[in-house]
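The structure under discussion appears below in the form of structure tokens.
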2 protein chains.
Amino acid sequence: MATINDVAKMAGVSKGTVSSVFSKKRPISTEVTERVLAVAKELSYFPNHIARSLAIKKTMIVGLKIPISREHAMSGFEVQLINGVIRECSKRGYRVLLDTLPEHDDPIHFAVDPVDGVIMLNPRTQDPRIDRYKLMQTPLVLIGRPDPMDETVCYIDNDNVKIGNQVGQYLLENGHTSILFLNASSDMTVAADRKRGLYEAFESSGVSTEHLKVMHYSRKQHRNPTHYGYVSLKNSYGNHDYTAIIADTDRVALGALQATRELGIVIPEQLSIVALSDDPVLAQETSPKLTSVELSAELLGSEAAKLLLKKIKNIGIVQQKVIDAKLILRESCKMYV
Amino acid sequence: MATINDVAKMAGVSKGTVSSVFSKKRPISTEVTERVLAVAKELSYFPNHIARSLAIKKTMIVGLKIPISREHAMSGFEVQLINGVIRECSKRGYRVLLDTLPEHDDPIHFAVDPVDGVIMLNPRTQDPRIDRYKLMQTPLVLIGRPDPMDETVCYIDNDNVKIGNQVGQYLLENGHTSILFLNASSDMTVAADRKRGLYEAFESSGVSTEHLKVMHYSRKQHRNPTHYGYVSLKNSYGNHDYTAIIADTDRVALGALQATRELGIVIPEQLSIVALSDDPVLAQETSPKLTSVELSAELLGSEAAKLLLKKIKNIGIVQQKVIDAKLILRESCKMYV
DNA sequence: CGGTTTTATTAAACCGGTTTAATGATAAAG
DNA sequence: CTTTATCATTAAACCGGTTTAATAAAACCG
């Protein structure tokens, strides 16, 4: 690989001149420009992004830290979210460094990555990385809330308590008091939040939660989210008397729908289903179409990217944003009489 | 941000020593190690990945070039593929630099990216980037075939002609000679290949293609793949006499299924559907479950990553691999009598 | 105890760019 | 025809690490 020095020598100019020809930051006579460009082509010279980054302290790359399990595929939520980040970054000339690597225990290995800022998905409780990025002065935006709360860090989040509440309220208004909630995995904070919101809805309506049953997704028991929806319904219908189901994702709802078909349950006449949707297209593609709460994962991603890019420009910015979920009425729910 | 120099000075050692403490490439006395580490902590020193990369000419990052349209979401195929690449890279300690940026016209802007190798999705005809990576001596693996063929470049590909042939043969064996092929967008090479394979199947069976109708996806006419499947079926059923449909993706098939429900067509009794599936899970989640050809997008991605990592170790390697598609019989097809 | 080997440490060169301050040439102004 | 301002160009310092060759100190050996 030819370097800027090779080009400079062969073109009989200084490396600073070659640099200027390529960066166009300083005027260079057309004569010299042409000569340098010709030599560069002959030597197959391409500027080195790394060396450049080192000098100008800028990479035009955004880091995206996203914990992904070794065995399982990304969830629809994650896919949509990445989508949003990429789309926004791409629009503004940034590339995305996807980092799904598990963290090394040895603090010696923490390094300043080749990025201008970082978006971090699902920070853990007391996440040490948050402080580390502060020390590094790397702009950081979380997707999800810092725990414990820290108002000096930027984050974008759903209000999952509100989401749970919203769904609960909707179902209660429609006369459903016996509900099966197919919740996310119990180690996820979103699962706890949504559950709390749902309970709050029951409380504020003065309805007992005695007919509210909450189940949790478990990688051990369930092959995939659809399977979770399928077996949960198959195993519980008949034993329990619920009139409505809340499914953690579209895929879970899909599995539940499959089960209802096999059991001969008519949706929504005999059973109402509402999905927490991470894939707005899929929710419209089922039959019946799913009444769902749009989590707007893609919006979450693009808003995080927008905020980060703002913070890269001006590190001083501190801002949080809660993305509201929208309840979209389609065909899978009905008033219980 | 503290640098290695700051640490060296304050600890009263040379920068080479600090470097050795962090890289552990050279033995350093425990006494010095501790002192350096203490100072590093006090100054919040973190090694700079960029500077390191420049010196050792290695980034542990793999570039993934993937053209994504500004307005539309990633297809299931792309998602699965990225998934495969990420999973494999992550397993081996590499991160992935996602590059969806459109190429700049000005050749001045081509640079050696901060990556150890590149995976490029869907190279264009006469793609100038292929030669450029050769000149840069950057390991490159294509997903899709180089056009014109170049046996010196590494690539991983489906055999789309064979896929078309396979599906055609299966349907013909089952007595279907009137077929509607909901093909991909006509500007995609895969669309042409699959169509060719399908025609070849007809030919070799000695069946006239007069009742074979091929449609193409068009971003202008169709909101999304599902919508494409839906309207295509709604508009054509009755006018045409096909007994089987080939859907370009699971989502297209999903739309078609939706239409059949509304039209009261019973699958597979009145109409057979086979999907070219990029989402193996989804194909099992529809009702009826889709008989489909698994494109194995994730496998494509992980194989590309494997090959690239091999090539990064040994640049001399030249290897191509064709991933076979598997026809999986489920519930959406039946013998036509 | 002197000579050889081993070990930890360092100074300096290097990776491939950018940028500042200085310089010489050219154009504009008086 | 000076004097001054403008312009293209350059040498050298710099970004923050790694690595090589040299060196001083400690360990080994007969």
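In the text below, chain A, chain B and the rest are named by the order of the sequence lines, each starting its count at 1. Just so you know, these numbers come straight off a predicted model, no measurement behind them.
Taking atom CG of residue B:L43 and atom C1' of nucleotide D:dG16, one finds them 15 Å apart after rounding to whole Å. As rounded to whole Å, 16 Å separates atom C1' of D:dC15 from atom NE2 of B:H49. Rounded to whole Å, atom C1' of C:dA11 lies 15 Å from atom NZ of B:K9. Remark: C1' of D:dC14 and CD1 of B:I50 are 15 Å apart, rounded to the nearest angstrom. Summarising the geometry, the separation between CG on B:N48 and C1' on D:dC14 is reported as 14 Å, rounded to the nearest angstrom. Residue B:L54 contributes atom CG, which lies 18 Å from atom P of C:dA13 at whole-angstrom precision. As rounded to whole Å, 19 Å separates atom C1' of D:dT9 from atom NZ of A:K24. As a whole-Å value, the separation of A:Q137 CD from D:dG16 P is 12 Å.
For the helix from C:dC1-D:dG30 to C:dG30-D:dC1, the angle separating the two terminal helix axes comes to 40°, with each axis derived from five pairs and the value rounded to 10°.
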**Message:** Working note: B:D127 + B:K65, criterion salt bridge (charged side-chain N to carboxylate O under 4.0 Å, His left out); need CA distance, chi angles, decisive distance, verdict.
**Reply:** CA-CA 13 Å; B:D127 206 311; B:K65 302 260 167 197; over 6 Å; no

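Distance CG/B:L300 to CG/B:N83: 13.0 Å, rounded to 0.5 Å. With rounding to the nearest 0.5 angstrom, the CG atom of A:L43 is 11.5 Å from the NZ atom of A:K9. Distance check, rounded to the nearest 0.5 Å: CD of A:E78 to CG of A:L121 gives 6.0 Å. Here A:E298 contributes atom CD and A:E88 contributes atom CD; the two are 10.0 Å apart, rounded to the nearest 0.5 Å. Within the model, atoms CG of B:L98 and CG of B:L101 stand 11.0 Å from one another, a figure rounded to the nearest 0.5 Å.
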Enumerate all atom pairs, one protein N or O and one N or O from nucleotides 23-25 of chain D, separated by less than 3.5 Å.
none

Produce the list of close N/O pairs, under 3.5 Å, pairing protein atoms with atoms of nucleotides 18-23 of chain C; give distances to one decimal.
unit_1	atom_1	unit_2	atom_2	d
C:dT18	OP1	A:R52	NE	2.9
C:dT18	OP2	A:S19	OG	2.2
C:dT19	OP2	A:K25	NZ	3.3

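In terms of heavy atoms, B:L307 sits closest to B:Q319 at CD2-O, 3.5 Å. Scanning both residues, A:A305 and A:C89, for their nearest heavy atoms gives CB-SG, 4.1 Å.
A:K91 and A:S302 share no donor-acceptor pair across their side chains, judged by distance under 3.5 Å alone. Side chains of A:S20 and A:T17: a donor-acceptor N/O pair is absent below 3.5 angstrom, by distance only.
Between B:S53 and C:dC15 there is no side-chain N or O to OP1 or OP2 distance below 4.0 Å.
B:R132 forms a cation-pi arrangement with B:F110, by the criterion of a distance under 6.0 Å to the ring centre and an angle within 45° of the ring axis.
Of the candidates D:dG16, C:dT9, C:dG16, the closest approach to any side-chain atom of B:T3 belongs to D:dG16.
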